[in-house]
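Indexing begins at 1, ligand by ligand and atom by atom, following the structure's order. Residue numbers start at 1 and run along the sequence shown.
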Amino acid sequence: MNFSYLQACPTCGAPVELDETDRIIRCPYCEGRNYLLQGGIRRFTLPHDLPAARSADEVLSFPYLRFKGHIFTCQEKEVAYKIIDTTQLGNQIYELPPTLGLRPQAMKLLPLAGHGGGRFFHLSKKVKDIFMQAARITDAFSEKHGAMYHRAYIGESVSIIYLPTLPDDDRLLDAVLNREILASCSLADLENVTSSYNERWKPQFLPLLCPHCGASLEGALDSLALHCTNCVSVWQEMRGRFARVDWNLVPGKGDISLPFWKIFIDFTGVKLKSLADFLRLTNHPVVVQQEHEKQPLAFWIPGFKVRPREFLKIAKNLTFSEMKLPCGEKELGGSLYPVTLPVDEAKQAVKTVLAHSVLDKKKFFQVLPEIKAVPGRCELVYLPFEKRAGDFLQVHTGCAVNSRLLDFGRTM
Ligand SMILES: [Zn+2]
Ligand SMILES: [Zn+2]
């Protein structure tokens with residue numbers, strides 16, 4: 001479940017309500033359009049409500065790590081998955097509540113932006129360790145599923161949500177609800193375990209302008225791929241600037257075009273260069289022909305978030321059916337569904353999709369840890385889908401995506 005927050009417009013400073021997954025901030029006051037950069041972990045705070053006599057400089061904020069994403073595991077003879085959506089206390093100095101529960105969703109958060117004053121407790125463990133701790137609670141990690149051969153995190157978003165507290169004699173008060181959170185605590189040594197606000201935590205923005213021609217870039221609020229219809233180009237943020245995306249759109253009579261990351265992989269530990277190699281390894285009931293031998297293998301990973309089961313099914317079916325697809329063109333027309341899964345996460349999904357595609361999983365999982373998959377060339381390809389009852393059907397291959405799950409994926 002997503003949270004929303006109030007972000008000051010980078011152009012005029014007016015508060016604009018954003019969803020956790022939004023990348024574009026469109027200001028209703030000055031009409032400025034800016035893109036939120038991805039660098040580093042984003043930091044938010046629950047808004048405090050202090051008694052009149054107290055000052056914001058006295059506030060002590062505790063970090064909770066927020067994780068949202070899917071874990072895929074290859075264990076014994078199946079690919080299992082779990083959706084993770086949780087907050088975990090990131091500093092264990094005091095006996096504070098281990099999670100924030102639904103509080104972030106129940107109120108408007110604020111991005112951490114200096115003006116609040118006070119001090120911020122450090123994370124006492126590495127982000128990955130806290131994540132593993134959260135993940136272990138889920139059943140996907142239970143040992144009853146047998147040895148673990150591979151694990152991947154997809155669609156993972158990590159942010160920090162601070163809980164503001166206020167020292168009150170020996171007690172510590174929750175500064176949001178103004179009630180006791182710790183009956184007694186000694187606040188010695190604050191210098192070593194906390195920091196004041198760091199300017200680097202401030203959200204950074206880029207104006208939404210095409211680096212090539214200067215025209216406006218277009219995209220849905222949560223889109224990671226931005227389109228310039230003036231010079232017909234597609235861009236994504238890379239290390240603080242817009243970089244060109246290698247893209248094409250496969251023509252066809254559809255109602256909507258869904259984005260896929262088409263990824264070529266350099267495998268070691270297994271022979272997987274052509275589609276024929278893939279058909280043989282996965283042992284699917286298809287007669288391998290000369291044309292399969294000539295077709296270089298590419299994985300087709302959804303460029304959008306969708307339930308894990310559906311994600312694996314679509315990726316597998318399209319990877320098998322690539323030869324039915326005509327060549328793409330450089331056209332930016334029709335209804336383009338936003339890219340919401342970053343290319344780096346699509347790359348991390350490749351081994352899981354491979355494992356899911358193999359029929360005899362039990363045998364294949366034994367060799368899975370020895371297989372290395374190094375991503376090579378990567379393209380963004382929009383494929384036409386036709387609406388039929390509750391599904392979107394890919395018009396050339398017949399691969400189906402449940403339209404209800406697609407809507408659900410926007411909030412994942
Ligand atoms: Zn504005
Ligand atoms: Zn342009």
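Here the CG atom belonging to D169 is positioned 11.0 Å from the SG atom belonging to C185, to the nearest 0.5 angstrom.
Geometrically, K347 does not engage W261 in a cation-pi contact, judged by NZ or CZ lying under 6.0 Å from the ring centre and within 45° of the ring axis.
Atoms SG of C12 and SG of C27, as seen from the Zn ion (ligand 1), are separated by an angle of 110°, to the nearest 10°. Between C9 atom SG and C30 atom SG, the angle centred on the Zn ion (ligand 1) amounts to 110° (nearest 10°). With the Zn ion (ligand 2) as the vertex, atom SG of C231 and atom SG of C228 span an angle of 110° (nearest 10 degrees).
Checked against a 6.0 Å centroid threshold, the rings of F320 and H284 count as neighbours.
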Could you check F120 against F62 for ring pair (Phe, Tyr, Trp, His ring centres under 6.0 Å), going step by step and ending with a plain yes or no? CA-CA 6 Å; F120 300 87; F62 286 87; over 10 Å; no

